[in-house]
Asker: 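First, the structure itself, so that you have it in front of you.
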Amino acid sequence: MEQYLDRFLQYVNQRNSGSLHTRDAYQRDIEQFFSFLKEEGISSLEDVDRIVLMNFIASISKDELGRDRSMTTVVRKISSIRSFYHYLNEYVGILNDPLRNFTGPKLPKRIPEFLFIEEVEAFLDSFDENTDAGIRDRAMFELMYACGLRVSEVVSLHLDRIDYEDGVLRVIGKGDKERIVPFYHSIGERLQLYIREVRAKWIDQADHGVLFVNQRGKPLTTRGVQYIMSKQCDQCGLNIRVHPHIFRHSFATHLLDNGADIRVVQELLGHSSLSTTQIYVHVSKERLRQAYELAHPLAHAEKKQ
């Protein structure tokens with residue numbers, strides 16, 4: 001079974017543009033599944049049936065101390081096994097799939113966290129652009145907000161994927177899918193300033209082509225971006241839990257709040273399903289109150305008095 005796991009992880013590396021965190025999660029989840037099968041005396045993936053699967057789910061629903069695991073963890077582990085069996089069916093020739101017609105637990109859709117435009121501006125303006133690092137970081141985080149990029153997409157972005165004349169990026173997203181995302185003129189100028197004044201100074205002779213680099217000329221990592229963001233948020237006094245994906249959430253929220261068509265936003269985000277984009281169809285409390293006061297007859301009359 002281990003050889004199938006190795007081949008599956010190689011497949012994930014080739015097809016998935018996400019971080020190593022995704023690959024590691026697959027590996028941990030499937031190795032836990034293998035350990036369960038061995039304890040049950042099952043040595044072939046062909047012998048896993050629905051009952052075995054249900055027993056596995058029951059076993060992962062509790063931690064070592066007997067406490068309930070979060071539903072998010074359980075659903076992720078089931079998803080890992082499902083992806084593994086899809087690979088086995090498609091590329092290995094194993095016909096068995098214990099998850100066929102299996103409907104697992106569903107997670108409630110949470111409204112994504114986002115920043116108000118004033119918070120985005122305060123964060124971006126807090127970088128000291130008299131320093132090389134400040135020039136890079138301002139350009140990087142503004143690009144994430146300007147184009148709704150995932151952190152994995154921004155750290156893997158190459159110079160040759162930026163078209164300054166047309167003002168667009170060619171982004172390679174999940175599943176190696178390419179999408180075209182426009183950017184506004186001033187962010188193009190910031191990128192060119194960073195490339196000319198900072199990147200050229202930091203890069204070594206063997207240029208790998210990755211846009212955002214550290215002072216040793218090596219590509220930034222997703223953890224590095226998270227560290228920079230957390231440190232900067234402490235300095236500018238944003239009293240919320242921050243993560244790089246919050247700029248992607250803010251990008252989608254602000255576009256929809258300002259009247260963008262949801263299918264256009266779907267295309268810009270690279271979502272394969274419209275339902276994924278629909279979680280961003282929410283508005284701030286202020287916008288709700290404005291709409292309420294304009295539409296409700298009594299509230300509208302009261303405001304006129």
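Predicted model, so just to flag it, every value in this text is computed and none were measured.
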Asker: Any non-hydrogen side-chain atom of Q226 less than 4.5 Å from a side-chain atom of V151?
Answerer: no
Asker: Tell me whether E31 at atom CD has more than 12 heavy atoms from other residues, nucleotides or ligands lying less than 6.0 Å away.
Answerer: yes
Asker: Between atom OH of Y85 and atom CD1 of I94, what is the distance when rounded to the nearest 0.5 Å?
Answerer: 7.0 Å
Asker: Any side-chain to backbone donor/acceptor pair from R179 onto H271? Under 3.5 Å, distance only.
Answerer: no
Asker: Looking at R248 and G148, would you say the former's side chain and the latter's main chain have a donor-acceptor pair under 3.5 Å?
Answerer: yes
Asker: Do L45 and F34 touch side chain to side chain, with heavy atoms closer than 4.5 Å?
Answerer: yes
Asker: Considering residues, nucleotides and ligands other than R223, do more than 12 of their heavy atoms fall under 6.0 Å from its CZ?
Answerer: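 It does not: R223 CZ has 12 such atoms or fewer within range.
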Asker: Could you check whether any side-chain N or O of S79 sits under 3.5 Å from a backbone N or O of V75, counting only pairs where one atom can act as donor and the other as acceptor?
Answerer: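 A pair under 3.5 Å: no.
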Asker: Within the side chain of D163, is there an N or O that forms a donor-acceptor pair under 3.5 Å with the backbone of L169?
Answerer: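 No.
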Asker: For R196, is the CZ atom crowded, meaning more than 12 foreign heavy atoms sit under 6.0 Å from it?
Answerer: yes
Asker: Contact between L255 and V264 at the side-chain level, heavy atoms closer than 4.5 Å - yes or no?
Answerer: no
Asker: Would you kindly confirm whether V154 and Y227 end up in one hydrophobic cluster when ILVMFWY residues are joined by side chain heavy atoms under 4.5 Å apart?
Answerer: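 Different clusters.
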Asker: Answer yes or no: is there a side-chain heavy-atom contact under 4.5 Å between D29 and I60?
Answerer: no
Asker: What's the shortest heavy-atom distance between Y184 and A146, and which atoms?
Answerer: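 Closest approach of Y184 to A146, heavy atoms only: CE2-CB, 3.5 Å.
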Asker: Transitively linked via ILVMFWY side-chain contacts under 4.5 Å: L191 with L193?
Answerer: yes
Asker: Find the distance between CG (L53) and CZ (R50) and round it off to the nearest 0.5 Å.
Answerer: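 Interatomic distance, L53 CG to R50 CZ, rounded to 0.5 Å: 7.5 Å.
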Asker: Is the side chain of R199 donor-acceptor paired with the backbone N or O of R136 at a distance under 3.5 Å, no angle test?
Answerer: no
Asker: Tell me the closest heavy-atom pair linking D207 and G209, and the distance in Å.
Answerer: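 What the structure gives for the nearest pair is OD1-N, 2.8 Å.
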Asker: Relative to the ring of F123, is the ring of F247 parallel (under 30°), tilted (30 to 60°) or perpendicular (over 60°)?
Answerer: tilted
Asker: I'd like to know if E178 and R161 make a salt bridge, using a cut-off of under 4.0 Å between side-chain N and carboxylate O.
Answerer: yes
Asker: Give a yes or no on whether R263 atom CZ has more than 12 heavy-atom contacts from other residues, nucleotides or ligands under 6.0 Å away.
Answerer: no
Asker: Looking only at the aromatic ring of each residue, does the gap between the centers of Y11 and Y26 stay below 6.0 angstrom?
Answerer: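 Ring centroids of Y26 and Y11 are no less than 6.0 Å from each other.
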Asker: Give the minimum heavy-atom separation between W202 and D132, together with the two atoms involved.
Answerer: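 Looking at all heavy atoms of both residues, the shortest contact is CZ2-CB, 3.5 Å.
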Asker: According to a hydrophobic-cluster definition based on side-chain heavy atoms being under 4.5 Å apart (Ile, Leu, Val, Met, Phe, Trp, Tyr only), do V168 and L149 belong together?
Answerer: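 No.
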Asker: Between Y4 and Y87, is the ring centroid distance below 6.0 Å?
Answerer: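 Ring centroids of Y4 and Y87 are no less than 6.0 Å from each other.
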Asker: State the CG-CD distance between D128 and Q235, to the nearest 0.5 angstrom.
Answerer: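 Answer for the CG-CD pair, D128 versus Q235, is 9.5 Å.
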Asker: If two hydrophobic side chains count as joined below 4.5 Å and joins carry through other members, does Y164 share a cluster with L143?
Answerer: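 Yes, Y164 and L143 fall within the same hydrophobic cluster.
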Asker: Tell me whether the centres of the aromatic rings in F141 and F127 are closer together than 6.0 Å.
Answerer: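 Centroid distance F141-F127: below 6.0 Å, so yes.
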Asker: Atom CZ in F212, atom CG in L220: separation rounded to 0.5 Å?
Answerer: 8.5 Å
Asker: Got R150 and H245 here, is their nearest side-chain heavy-atom distance under 4.5 Å?
Answerer: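 Side chain of R150 against side chain of H245, heavy atoms only: contact under 4.5 Å found.
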Asker: Counting C-beta onward and ignoring hydrogens, is there a side-chain heavy-atom pair between S272 and K177 closer than 4.5 Å?
Answerer: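 A side-chain contact under 4.5 Å exists here.
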Asker: Would you please test N55 and V52 for side-chain contact (heavy atoms from CB on, under 4.5 Å) and show each step?
Answerer: CA-CA 5 Å; N55 287 337; V52 172; 5.7 Å; no
Asker: Assess the residue pair H185 and E189 against the criterion (side-chain contact (heavy atoms from CB on, under 4.5 Å)); give the C-alpha distance rounded to whole Å, side-chain angles, the decisive distance to 0.1 Å, and a yes or no.
Answerer: CA-CA 7 Å; H185 181 71; E189 292 182 333; 2.9 Å; yes
Asker: Measuring from atom CG of L37 to atom CD1 of I30, what distance do you get when rounded to the nearest 0.5 angstrom?
Answerer: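 With rounding to 0.5 Å, CG (L37) is 11.5 Å from CD1 (I30).
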Asker: Is Q232 reaching over with its side chain to a backbone N or O of S126, donor-acceptor style, under 3.5 angstrom?
Answerer: yes
Asker: Any sub-3.5 Å donor-acceptor pair from H208's side-chain atoms to I203's backbone N or O?
Answerer: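 No; zero donor-acceptor contacts below 3.5 Å.
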Asker: Under the criterion side-chain contact (heavy atoms from CB on, under 4.5 Å), which of D261, T276, L274 is the partner of Q266?
Answerer: L274
Asker: Which atom pair, heavy atoms only, marks the closest approach of N89 to N96?
Answerer: ND2-O, 3.1 Å
Asker: Between H254 and L115 (side chain of the first, backbone of the second, donor and acceptor by atom type, cut-off under 3.5 Å), is there such a pair?
Answerer: yes
Asker: For the atom pair CG (L159) and CD1 (I195), what is the distance rounded to the nearest 0.5 Å?
Answerer: 5.0 Å
Asker: Work out which heavy atom in Y145 is nearest to a heavy atom in I117; give both atom names and the distance.
Answerer: OH-CD1, 3.4 Å
Asker: Which pair of heavy atoms, one from E46 and one from L95, lies closest together, and at what distance?
Answerer: OE2-N, 3.9 Å
Asker: Pair M140, V225 - check side-chain contact (heavy atoms from CB on, under 4.5 Å), show working.
Answerer: CA-CA 9 Å; M140 178 174 65; V225 175; 4.0 Å; yes
Asker: When you compare the side chain of F56 with that of V48, does any pair of heavy atoms fall below 4.5 Å?
Answerer: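 Heavy-atom side-chain distance check fails, nothing below 4.5 Å.
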Asker: Is there a side-chain contact between T221 and V155 (heavy atoms, below 4.5 Å)?
Answerer: no
Asker: State whether D125 and R138 are salt-bridged, where the test is any N-O pair (Lys NZ or Arg NE/NH1/NH2 against Asp/Glu carboxylate O) under 4.0 Å.
Answerer: yes
Asker: Are I180 and V171 linked, directly or through other ILVMFWY residues, by side chains that come within less than 4.5 angstrom of each other?
Answerer: no
Asker: Would you sort out whether L211 and Y194 count as a side-chain contact (heavy atoms from CB on, under 4.5 Å), showing the intermediate values?
Answerer: CA-CA 9 Å; L211 174 60; Y194 155 70; 3.9 Å; yes
